[in-house]
Amino acid sequence: MYKNNYLRLLTALATVIVAGCGGGSSSTTEPPLQGAYSGTVSGSSSSSAFSALVLEDGEYWALYGNNVGGVFEVKGFLEGQGASSNGNFTSTSVLDYGVSPPASGTLNATYVKGTSFGGSVSFAAGTLSFNGTPIPAAAYVYDTAASLPSILGNWILTDLQNNPAALTVNANGAFTLNDGGCLTTGTATPRPSGINVFNIGATVGGAPCSGAGLLLNGIAIVTLLASGQHQLIIATINPSQTESAALFGIR
């Protein structure tokens, strides 16, 4: 009797130990990449930093430029659709909107979700390398719904040609952008999936705009800088992926 009870106790204890150590079937599959990352760029003569969003549907927006006085000055951006599997993120649809016309390329990266994201982007003109980590929570939290009040009001922004632009966002998210006399109207809407990203839809106005009537869609984020100021970054492209507009500014 005592022997049988002792054996049953040992069997139960062994089961607990095996379960606690991950015994039996287990999965080490890295979950799909999603989130906001920033870090350094190598191989570029004009940019040394990047800030990237990988969204819930695999679309990514990777802005590149330089950190100057605590402000991220955008020089251009990449956009495309990627696929993640077991710690690898790849894309054959990269478009670089920092040049005209946009240059096509491929992206190969590795990641540990919430920890690191790095790899290379290859174009006909050459290959760039990047290495990043999640944007610190003190500056930006990806996994929380975008707050419309954070983007409301007046902003003085800079476009990729270093021209100033005045943005006014109303209480319902409707906005007007005056870029050197060119008026663009649109809306900023918190992304329905509940992440900290705004969907942007805009229409370029008439003369003196060079792209009168152009439709643009993209994303915007608001981050908190160490200075206590907020930075707004907007990146948009047209449906045919031939034109783009990006702006950044602080207040």
Side-chain angles (χ1 to χ4, degrees), residues 30-44 46-65 72 74-114 116-135 140 142 146 159-160 189 191-193 195-202 211 214-221 223 233-248:
E30 180 69 23
L33 177 63
Q34 184 182 165
Y37 295 82
S38 63
T40 58
V41 174
S42 302
S44 170
S46 62
S47 299
S48 60
F50 81 94
S51 183
L53 291 172
V54 182
L55 303 178
E56 70 280 3
D57 58 0
E59 183 184 21
Y60 57 87
W61 298 76
L63 301 108
Y64 56 84
F72 183 48
V74 181
K75 297 294 184 183
F77 66 92
L78 312 179
E79 188 274 341
Q81 191 74 29
S84 54
S85 175
N86 295 331
N88 295 297
F89 185 81
T90 59
S91 174
T92 58
S93 62
V94 180
L95 285 174
D96 180 1
Y97 291 94
V99 295
S100 183
S104 60
T106 58
L107 183 153
N108 289 280
T110 59
Y111 68 92
V112 176
K113 189 177 180 182
S116 63
F117 178 42
S120 63
V121 187
S122 298
F123 300 96
T127 298
L128 303 177
S129 299
F130 64 94
N131 186 31
T133 56
I135 295 177
Y140 176 80
Y142 174 85
D159 64 21
L160 296 186
T189 307
R191 198 168 175 89
S193 58
I195 59 176
N196 196 4
V197 177
F198 293 96
N199 286 340
I200 299 295
L214 186 69
L215 300 178
L216 295 167
N217 296 286
I219 54 92
I221 63 170
T223 62
I233 297 175
I234 301 172
T236 60
I237 58 177
N238 69 330
S240 60
Q241 299 180 301
T242 57
E243 303 290 340
S244 66
L247 304 109
F248 65 94

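All values below come from the heavy atoms of this structure, side chains included, with hydrogens, waters and symmetry mates left out. In this text, all values refer to a predicted model and were calculated from it rather than measured experimentally.
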Beyond-backbone contact of Thr90 with Asn108, side-chain heavy atoms, under 4.5 angstrom
yes
Inter-residue atom distance Glu79.CD - Leu53.CG, 0.5 Å rounding:
11.5 Å
Least distance between heavy atoms, Pro239 atom then Leu215 atom
CD-O, 3.4 Å
How far apart are the C-alpha atoms of Val41 and Ser48, what are their side-chain angles, what is the distance that settles it, and do they pass the side chain to side chain contact (heavy atoms under 4.5 Å, CB included) test?
CA-CA 5 Å; Val41 174; Ser48 60; 5.7 Å; no
Distance-minimising heavy-atom pair for Tyr97 and Glu243:
CE2-O, 4.2 Å
For the residue pair Glu59 and Gln81, what are the closest heavy atoms and their distance?
N-NE2, 3.4 Å
Supply the atom-to-atom distance Leu55 CG to Tyr142 OH, rounded to the nearest 0.5 angstrom.
5.0 Å
Show, in sequence, the C-alpha distance, side-chain angles and deciding distance for Phe198 and Ile234, and conclude whether the side chain to side chain contact (heavy atoms under 4.5 Å, CB included) test is met.
CA-CA 9 Å; Phe198 293 96; Ile234 301 172; over 6 Å; no
Under a 4.5 Å cut-off applied to non-hydrogen side-chain atoms, are Val74 and Leu160 in contact?
yes
Between CG of Leu107 and CG of Leu128, what distance do you get to the nearest 0.5 Å?
10.5 Å
Ignoring hydrogens and geometry, is there a side-chain-to-backbone donor-acceptor pair from Thr110 to Gly87 under 3.5 Å?
no
Is Phe117 close to Val54 at the side-chain level, that is, under 4.5 Å between some pair of heavy atoms?
yes
Taking every heavy atom of Phe130 against every heavy atom of Ala109, the minimum-distance pair comes out as CZ-CB, 3.8 Å
Residue pair Ser122, Thr127: steps toward the side chain to side chain donor-acceptor pair (under 3.5 Å) verdict
CA-CA 4 Å; Ser122 298; Thr127 298; 3.1 Å; yes
Donor-acceptor pair, Asp96 side chain versus Ala103 backbone, under 3.5 Å?
no
Just verifying a value: how many Å separate Ile219 CD1 and Phe77 CZ, rounded to the nearest 0.5 Å?
8.0 Å
Between Asn86 and Tyr111 the two heavy atoms that sit nearest each other are N-OH, 4.3 Å
Applying side chain to side chain donor-acceptor pair (under 3.5 Å) to Tyr64 and Ser44, what does each step give before you reach the verdict?
CA-CA 10 Å; Tyr64 56 84; Ser44 170; over 6 Å; no
Rounded to the nearest 0.5 angstrom, the CZ-CG distance for Arg191 and Asn199 is 5.0 Å
Apply side chain to side chain contact (heavy atoms under 4.5 Å, CB included) to Phe72 and Leu63, showing your working.
CA-CA 9 Å; Phe72 183 48; Leu63 301 108; 3.9 Å; yes
Where do Ser91 and Gly82 come nearest, in terms of heavy atoms and distance?
CB-CA, 3.9 Å
Reported CD-to-CZ distance for the pair Gln34 and Phe89, which is rounded to 0.5 angstrom:
10.5 Å
Between Thr92 and Thr106, is there a donor-acceptor pair closer than 3.5 Å when you use the side chain of the first and the backbone of the second?
no
